[in-house]
Amino acid sequence: MTKLTRDDWIDAGLNALRAEGFTALKADLLAKRLRVTRGSFYGYFDGIEAYHDAIFAAWLALSQDVAADMPQAGGPKAQLAHLITGAAGADLALERAVRAWAQANPAIQHRLAEVDRYRTEALEAVLAACGCSPAQARLRARLLYASALGAAFVPGDVEAAEVAFLVAAYTQ
């Protein structure tokens, strides 16, 4: 029998969160699915809160934090295109699940609000560098971010033509 790693538990949690929602993030349920005892879980996590912290951190790492990877070449318009394209490539099922989880868990809600603020501020900075006034940059950043989040709740994948439209509309 192969011993599970901490990453195995986190991967199982992300998969459960994506497929079934935050109520599936329980040590007993996950241990049954993984065919191990709960002791394996407690070998890596001090409790469910520590596990939830690890799941949130893993989601954040996977959620294509494209603001941290912005290209320097091409200037602010290339950076904006990078942000829009990166947001369109996000795991939308996981994004929906994390947002539902935040509605039920104040600690996750607080951390998600910080992520949203960071992402919106990054968009705002790039839009300002593209020549928008501070008020315009703030409004456009909120609208773009709301569009990206809304895509998680609209059936179907984000089409390449939709991404190209947003890039063209905001980089002209």
Side-chain angles (χ1 to χ4, degrees), residues 10-11 13-25 48-172:
I10 291 171
D11 289 343
L14 288 170
N15 290 332
L17 179 61
R18 181 185 296 108
E20 300 169 55
F22 65 92
T23 58
L25 296 179
I48 200 66
E49 292 82 17
Y51 184 61
H52 287 177
D53 287 345
I55 295 294
F56 188 88
W59 164 76
L60 188 55
L62 289 174
S63 68
Q64 296 186 349
D65 190 2
V66 293
D69 297 329
M70 270 196 285
Q72 298 307 307
K77 289 185 179 183
Q79 291 175 341
L80 184 58
H82 177 76
L83 289 173
I84 293 169
T85 304
D91 182 338
L92 299 181
L94 194 53
E95 186 75 32
R96 279 190 302 276
V98 168
R99 291 188 178 280
W101 185 20
Q103 293 302 306
N105 184 317
I108 298 300
Q109 186 175 40
H110 177 75
R111 291 178 71 188
L112 184 57
E114 290 175 9
V115 170
D116 288 343
R117 188 172 26 262
Y118 167 77
R119 290 174 176 174
T120 304
E121 288 173 358
L123 269 172
E124 189 176 332
V126 172
L127 287 162
C130 286
C132 292
S133 70
Q136 254 190 346
R138 191 172 313 106
L139 175 62
R140 287 182 179 201
R142 289 178 54 84
L143 289 172
L144 264 174
Y145 194 61
S147 294
L149 293 179
F153 296 94
V154 175
D157 293 331
V158 177
E159 300 292 328
E162 295 167 330
V163 174
F165 172 79
L166 283 174
V167 169
Y170 281 90
T171 58
Q172 292 182 10

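Bear in mind the structure is a predicted one, so any value in this text is a computation, not a measurement.
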Which heavy atom in [X] sits nearest to a heavy atom in [Y], and how many Å separate them?
| X | Y | value |
| --- | --- | --- |
| P76 | A129 | CG-O, 3.4 Å |
| A93 | R18 | CB-CG, 3.7 Å |
| H52 | N105 | ND1-ND2, 4.1 Å |
| C130 | L80 | SG-CD2, 4.3 Å |
| A137 | C132 | N-CB, 3.8 Å |

Going from [atom1] on [X] to [atom2] on [Y], what distance comes out if it is rounded to the nearest 0.5 angstrom?
| X | Y | atom1 | atom2 | result |
| --- | --- | --- | --- | --- |
| L123 | R140 | CG | CZ | 12.0 Å |
| D116 | Y145 | CG | OH | 3.5 Å |
| T120 | R138 | OG1 | CZ | 11.5 Å |
| L127 | L144 | CG | CG | 6.0 Å |

[X] versus [Y]: any side-chain heavy-atom pair under 4.5 Å?
| X | Y | value |
| --- | --- | --- |
| R111 | V115 | no |
| F22 | I108 | no |
| L17 | I55 | yes |

Results of salt bridge (charged side-chain N to carboxylate O under 4.0 Å, His left out) for D11 - residues two or more places apart only:
none
Indicate yes or no: does E95 engage R99 in a salt bridge with an N to O separation below 4.0 Å.
yes
Of I10, D91, V98, the one forming a side-chain contact (heavy atoms from CB on, under 4.5 Å) with W59 is V98
